[in-house]
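Just so we're clear, the structure is a prediction, and the values are computed from it rather than from any experiment.
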Amino acid sequence: MKKPFVLTTATAADAPSLTQFVNAAYRGDTARQGWTTEADLLDGQRIDEAGLRDMLALPHAAILLCQSETGELLGSFHAQAKGELLYLSMLAVNPAGQTQGVGKFLLSAAEDYGHQHGCTTSKMTVISVRAELIAYYERRGYHLTGATEPFPTDPRYGIPKQPLVLLVLEKSL
């Protein structure tokens, strides 16, 4: 029987360990253990501690944490309510524990967060070459809007190994 997940919210005190967790989930050899790695697309880190603290300080924002019953961090997801729009970013799941439902759990929790803040639409961006990740979100009701955004040029968020663009996905809540 699968053990239930525990939902908590990150605080500034979590920033050092959460920064390490997110970077390990996205980049480097550790990330290659999972199917969501960006290690072949970008060099460098996914986020630094200052950037993570900035995300925590945004108005109507939270970094939701999925933990095991024993307190082990399994995943995290940033959610920010901006009026009727819920903006989601930086879903990170421990690569060794992917395909266990952590991402679905966090996506559901983030959408609940949006509902609680009066949001009617959820929006996210995904790197255009991440077809498997786009398909994952499409299976959960998100659709490509046709809009794109430039990939950030700030090296604090990684150094692209090829030209990258972000695709915008949305879902009605």
Side-chain angles (χ1 to χ4, degrees), residues 1-39 42 44-82 85-119 121-127 130 132-134 136-137 139-142 152 156-158 166 169-171 173:
M1 181 175 156
K2 187 177 182 179
K3 295 181 180 178
F5 299 130
V6 177
L7 180 68
T8 62
T9 303
T11 67
D14 296 313
S17 61
L18 189 53
T19 300
Q20 183 178 6
F21 177 85
V22 169
N23 284 322
Y26 275 88
R27 310 279 163 75
D29 289 334
T30 304
R32 286 187 173 91
Q33 295 175 31
W35 67 273
T36 62
T37 182
E38 293 179 352
L42 296 131
Q45 64 191 11
R46 171 59 178 85
I47 189 128
D48 62 14
E49 191 174 325
L52 196 132
R53 288 181 187 279
D54 289 346
M55 292 175 81
L56 284 167
L58 291 169
H60 309 292
I63 296 180
L64 306 173
L65 305 177
C66 176
Q67 297 176 318
S68 69
E69 288 184 310
T70 61
E72 176 189 4
L73 181 59
L74 304 173
S76 63
F77 205 5
H78 179 256
Q80 183 182 19
K82 298 179 179 181
L85 181 67
L86 173 66
Y87 184 73
L88 302 177
S89 64
M90 206 170 67
L91 174 60
V93 176
N94 179 337
Q98 290 182 3
T99 72
Q100 304 300 311
V102 173
K104 289 179 197 174
F105 174 83
L106 283 166
L107 184 57
S108 177
E111 290 171 353
D112 288 347
Y113 181 88
H115 284 291
Q116 294 165 11
H117 287 83
C119 298
T121 303
S122 180
K123 174 184 174 181
M124 66 178 71
T125 58
V126 177
I127 298 173
R130 300 292 314 282
E132 71 286 351
L133 191 55
I134 293 166
Y136 172 85
Y137 287 120
R139 290 191 301 272
R140 278 141 194 89
Y142 286 80
R156 292 187 312 156
Y157 306 112
L166 299 172
L169 288 85
E170 289 186 353
K171 175 183 177 178
L173 296 178

Is a side-chain N or O of Gln80 found less than 3.5 angstrom from the main chain of Pro59, in a donor-acceptor match?
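Yes, the answer is positive, given that a donor and an acceptor are paired below the 3.5 Å cut-off.
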Keeping Tyr26 on the side-chain end and Leu91 on the backbone end, is there a donor-acceptor pair under 3.5 Å?
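It does hold such a pair.
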Of the non-hydrogen atoms in [X] and [Y], which two are nearest, and what is the gap between them?
| X | Y | value |
| --- | --- | --- |
| Leu88 | Met124 | O-CB, 3.5 Å |
| Leu86 | Ala110 | CD2-O, 3.3 Å |
| Pro152 | Leu166 | CD-CD1, 4.1 Å |
| Thr19 | Ile47 | CG2-O, 3.6 Å |
| Ala81 | Cys119 | CB-SG, 3.6 Å |
| Leu106 | Phe77 | O-CD2, 3.7 Å |

Establish, yes or no, whether the cationic atom of Arg139 lies under 6.0 Å from the six-membered ring centre of Tyr136 and within 45° of the ring axis.
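Cation-pi check for Arg139 and Tyr136: fails.
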With a 3.5 Å cut-off and sequence neighbours excluded, list the donor-acceptor pairs that the side chains of residues 8-16 form with protein atoms.
{"residue": "Thr11", "atom": "OG1", "partner": "Ala13", "partner atom": "N", "Å": "3.3"}
{"residue": "Thr11", "atom": "OG1", "partner": "Asp14", "partner atom": "OD2", "Å": "3.4"}
{"residue": "Asp14", "atom": "OD2", "partner": "Thr11", "partner atom": "N", "Å": "2.8"}

Sequence-distant partners of Ser76, side-chain hydrogen bond (donor to acceptor under 3.5 Å, both in side chains), two or more places apart:
none
Contacts of Ser108 meeting side-chain hydrogen bond (donor to acceptor under 3.5 Å, both in side chains) (sequence neighbours excluded), chain-then-number -> none
4.5 Å side-chain heavy-atom contact, [X] and [Y]:
| X | Y | answer |
| --- | --- | --- |
| Lys123 | Lys82 | no |
| Leu52 | Met90 | yes |
| Asn94 | Leu74 | no |

Provide the full list of side-chain hydrogen bond (donor to acceptor under 3.5 Å, both in side chains) pairs with a residue in residues 53-62, sequence neighbours left out, each pair given once.
Glu49-Arg53
Keeping to residues at least two apart or across chains, list the salt bridge (Lys or Arg N to Asp or Glu O under 4.0 Å) pairs with something in residues 105-115.
Glu111-Lys171
Hey, could you give me each pair passing salt bridge (Lys or Arg N to Asp or Glu O under 4.0 Å) that has a residue in residues 93-108? Not counting sequence neighbours.
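Non-adjacent pairs meeting salt bridge (Lys or Arg N to Asp or Glu O under 4.0 Å): zero.
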